[in-house]
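In what follows, a single structure is set out as structure tokens and then discussed.
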Amino acid sequence: MTEDQQTTNQCPKCELPREEGKEFCPECGYEFATGKEGAGPHEFAFPAVEDAYEPSGKTTVRAVLLMLLFGFLAGLVGGPLAYLVIAIAATIGAWIASSGICIAGLAALVIAIGAWLIAPAVLGGVISLLVGKAAEIGKSRNPTDRTVIALISGLVGFGSFLAVYYFALGPDSYDSFFDLLKLGWVLIAAVVVAAAGGAAEVKPFCEECEEWMKRHVLARRPIRQEKDLLDVLNAGDFEKLKTFPADPVAKSHCSIDVWHCGCENAQNYVNMHTFQHRYKYATDRNTRQVTQEDVVQARRVFSKAFPHAQVKSLLEMPSE
Ligand SMILES: [Zn+2]
Ligand SMILES: [Zn+2]
């Protein structure tokens, strides 16, 4: 086989062997006909897997008290703040509207509605963040506790918002369907966003030394190695990973990480995530200039527990 044939049989971007009849490289999205990078759809080669780590469900009194304290404080302070942001936005909107510029009315409406949409969601986000922080400080390994406390704190946030809203505007403030709709949105956004935070990736905890594990992220590997990396991981033959060249600038890539602690008889966790990088291309109608926007999707393709002795070689390998 000549060198020329070799290059047409693989993706020029990521060097994955090219399948016949394919318009795009399934791993890096290269469009063979046009040479556009990252143009194809996200097409993962391997199925998503569950996290091998499962929280023990144990918690501490300290964690519960801290979560309640952080969550309630965030709700009590955040509710009035969210109202303040909405009131200020309405004032700015009214001021712009009175300026008489042609699109002023529309701009005023966008600012006012935007504040109503965003402020309650930010309130929920801050509650979720603080309850999560309290769970970490207090060493709670019970995601249900966290979700329930965040949800109640979201209700506290809504309650304090409602109190200030009523105090500022009086009984006329909820006599129309539109008012109820706005308040309903505040309730749903604050509570749902607050409670959703617990569903984020769970940090493993070592029940032996009663500490959160630390994460060691290996230097990224190019995506064309995905299948071979999975074979090595499945065999638990981590020494072999040293023979895989790292590529710190690869956009579409595989990332292996190890959750570990110092305990000799603890189980540690090895994961691999595949990141597929794509561009969203758009052509400006006036200048005909093509712009590209990064779109990244990640999938966990490997997750397994190993004894600490076995992952030691991984911890010695260079990190990202
Ligand atoms: Zn490719
Ligand atoms: Zn430990």
Side-chain angles (χ1 to χ4, degrees), residues 5-46 51-60 63 136-141 202-216 220-230 244-255 257-271 273-281 292 294-299 301 304-312 314-315:
Q5 274 172 312
Q6 188 111 41
T7 48
T8 52
N9 285 334
Q10 64 181 33
C11 168
K13 182 68 194 156
C14 75
E15 296 167 32
L16 191 83
R18 182 178 169 181
E19 274 176 64
E20 223 164 299
K22 283 254 180 187
E23 225 180 303
F24 303 101
C25 169
E27 288 283 49
C28 76
Y30 185 86
E31 189 173 14
F32 297 111
T34 62
K36 261 189 184 172
E37 280 179 32
H42 289 97
E43 227 182 299
F44 286 94
F46 294 92
D51 194 347
Y53 170 73
E54 262 188 64
S56 65
K58 289 179 185 163
T59 192
T60 62
E136 191 179 332
I137 297 169
K139 298 181 179 173
S140 163
R141 290 90 81 194
V202 190
K203 192 171 171 180
F205 187 88
C206 171
E207 300 291 338
E208 297 266 340
C209 62
E210 302 202 330
E211 286 297 342
W212 295 107
M213 291 190 182
K214 289 185 209 64
R215 188 184 212 172
H216 180 77
R220 59 175 70 173
R221 300 298 197 278
I223 200 163
R224 67 166 186 277
Q225 298 176 352
E226 187 179 20
K227 187 186 175 297
D228 297 333
L229 288 168
L230 276 175
F244 287 74
D247 182 356
V249 292
K251 289 207 156 174
S252 286
H253 67 276
C254 298
S255 173
D257 61 67
V258 194
W259 287 99
H260 62 99
C261 67
C263 301
E264 285 302 322
N265 41 9
Q267 289 280 20
N268 291 171
Y269 298 89
V270 178
N271 302 300
H273 290 83
T274 298
F275 291 80
Q276 286 196 343
H277 183 272
R278 298 288 183 270
Y279 289 119
K280 209 169 88 189
Y281 289 94
Q292 48 193 49
D294 295 54
V295 188
V296 180
Q297 273 188 22
R299 173 180 280 188
V301 291
K304 215 169 159 184
F306 292 94
H308 180 68
Q310 199 174 346
V311 306
K312 269 184 183 163
L314 282 178
L315 298 177

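Counting convention: from 1, in listed order, for ligands and their atoms alike. When reading the values below, keep in mind they use all heavy atoms of this one structure, side chains included, and skip hydrogens, waters and symmetry mates.
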Handout entry: Flag, side chain of Arg278 to backbone of Pro41, donor-acceptor distance under 3.5 Å
Key = yes
Practice task
Ignoring hydrogens and angles, state whether a donor on the side chain of His277 or Asp294 is under 3.5 Å from an acceptor on the partner side chain.
Solution key: yes
Problem - Residues, nucleotides or ligands: over 12 heavy atoms within 6.0 Å of Glu208 CD - result: yes
Exercise for the section: With 2.8 Å as the limit, jot down which protein N, O or S atoms are around the Zn ion (ligand 2). Expected result: Cys206 SG, Cys209 SG, Cys261 SG, Cys263 SG
Exercise for the section: For His260 and Asn268, test the side chains for any donor-to-acceptor distance below 3.5 angstrom and give the result as yes or no. Expected result: no
Completion exercise
For the Zn ion (ligand 1), angle spanned by Cys11 SG and Cys28 SG (nearest 10°) is 100°
Practice task
Would you kindly say whether Tyr53 and Lys304 are connected by a side-chain donor-acceptor distance under 3.5 Å?
Solution key: no
Problem - Glu207 versus Ser56, side-chain donor and acceptor atoms under 3.5 Å - result: yes
